[in-house]
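Notes for the one structure printed next.
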Amino acid sequence: MTMGQAQSTRIAGEAGLLRQAWAVLQPPSVSALYGLLGARPFTGRGMWLNLGHWRDARSIDQACPALAQLVGEAAGLGPADTVVDVGFGFADQDMLWAERFAPQRIIGLNITPLHVRLARARVRRRGLADRIDLREGSATAMPLPDACCDVVTAVECAFHFDTRADFLAEAMRVLRPGGRIVLADIIPAAPAGGALRRRWQSASWRALARALSVPRANADTRDAYAARFAAVGFEGVSVEPIGDEVFPGFHQALREDEAFFARLPASARLAYRPLLRIEAGDVYAGLDYVLAFARKPG
């Protein structure tokens, strides 16, 4: 067998594992996906649900708040700001921002009733209910007036929105002139390498997009993604790839941290276990993780 044939056989085998693994998880909607997770967080402390920022983190308990910190810093959050946080999970990021950046007010929107109910209770217990207002509501039809906030954030959820373009239009509407939007988001990676690698990337994206309930309309690679912001009128658009600081650390933690792996729902453990034998660069080959920033003119 030649080297090229061996590589082709390996890629075909890994693609089969990927298809078999993620076929276990085919939630029909975002609500079904988060219903599957229920009240299970990724972390042992708090109730975080993001993949984490692993540049300096050594555990999922450090990486998840590090991602929220990164988004808060990118947004330049401060005491004069009213923030609309879309897809707030269990409000860990909002509580972190309230305590570290002290914005005037945070309004959270989430379509999952369980998240809203539990997050409100957690915010009350933390003594932050006067500064964090959590509501059930859609990112693509925000129950908010025009020009009501200074910052819009979405931490690892905009890929779910049907569609992201509709969300960006709503963000433009609710932001005041000069307001900022910051997203930590997942998009398809740009094709790279030879034909085998590109086919593998495509298979990786399709499998994970299906498992994560990503609408087809949201499958924009980086240039097209940036153009979505410009299309609704945002300026100063920046799309920074940070996948190397997200995917490898998350994958390695699932490999090494038995308690973290055990916190996943049973179906997710069943789906992901075969993937532990594959390197992160191959499992997530079709994905690009970006930190996006833009500003409303004014």
- Between the side chains of R206 and S202, is a donor N or O closer than 3.5 angstrom to an acceptor N or O?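 Yes.
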- Message: Regarding N110 and E136, do their side chains bring together a donor and an acceptor under 3.5 Å, going by distance alone?
- Response: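 The criterion, which ignores hydrogens and geometry beyond distance, is not satisfied for E136 and N110.
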Shortest non-hydrogen contact from [X] to [Y]?
X	Y	result
P188	T221	O-CG2, 3.5 Å
A98	I106	N-CD1, 4.1 Å
F159	I186	CB-O, 3.5 Å

List the atom pairs, with distances to 0.1 Å, where a side-chain N or O of residues 140-152 and a protein N or O form a donor-acceptor pair under 3.5 Å, not counting sequence neighbours.
| unit_1 | atom_1 | unit_2 | atom_2 | d |
| --- | --- | --- | --- | --- |
| T140 | OG1 | S138 | OG | 3.0 |
| D146 | OD1 | R173 | NH1 | 2.8 |
| D150 | OD1 | R176 | NH1 | 3.1 |
| D150 | OD2 | T82 | N | 2.8 |
| D150 | OD2 | R176 | NH1 | 2.8 |

For the [atom1] atom of [X] and the [atom2] atom of [Y], what is their distance to the nearest 0.5 Å?
X	Y	atom1	atom2	answer
D133	L109	CG	CG	9.0 Å
E245	L51	CD	CG	13.5 Å
D166	F161	CG	CZ	11.5 Å
T163	R216	OG1	CZ	15.0 Å

- Query: Taking the inter-plane angle between the rings of F250 and F260 on a 0 to 90° scale, is it parallel (under 30°), tilted (30 to 60°) or perpendicular (over 60°)?
  - Reply: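 The rings of F250 and F260 stand perpendicular, inter-plane angle above 60°.
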- Query: Is the number of heavy atoms from other residues, nucleotides or ligands within 6.0 Å of CG (D130) greater than 12?
  - Reply: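 More than 12 heavy atoms, drawn from other residues, nucleotides or ligands, come within 6.0 Å of this atom.
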- More than 12 heavy atoms of other residues, nucleotides or ligands under 6.0 Å from CZ of R45: is that the case?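 Counting neighbours around CZ of R45, 12 or fewer heavy atoms of other residues, nucleotides or ligands fall under 6.0 Å, so no.
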- Could I get the full list of side-chain contact (heavy atoms from CB on, under 4.5 Å) partners for E256, not counting sequence neighbours?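 Result, side-chain contact (heavy atoms from CB on, under 4.5 Å) vs E256: Q252.
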Counting only pairs under 3.5 Å, give me each side-chain donor-acceptor contact of residues 285-298, with atom names and distances, residues two or more places apart or in other chains.
| unit_1 | atom_1 | unit_2 | atom_2 | d |
| --- | --- | --- | --- | --- |
| D288 | OD2 | R222 | NE | 3.0 |
| D288 | OD2 | R222 | NH2 | 2.9 |
| Y289 | OH | E156 | OE1 | 2.6 |
| R295 | NH1 | G178 | O | 3.1 |
| K296 | NZ | M172 | O | 2.8 |
| K296 | NZ | L175 | O | 2.7 |

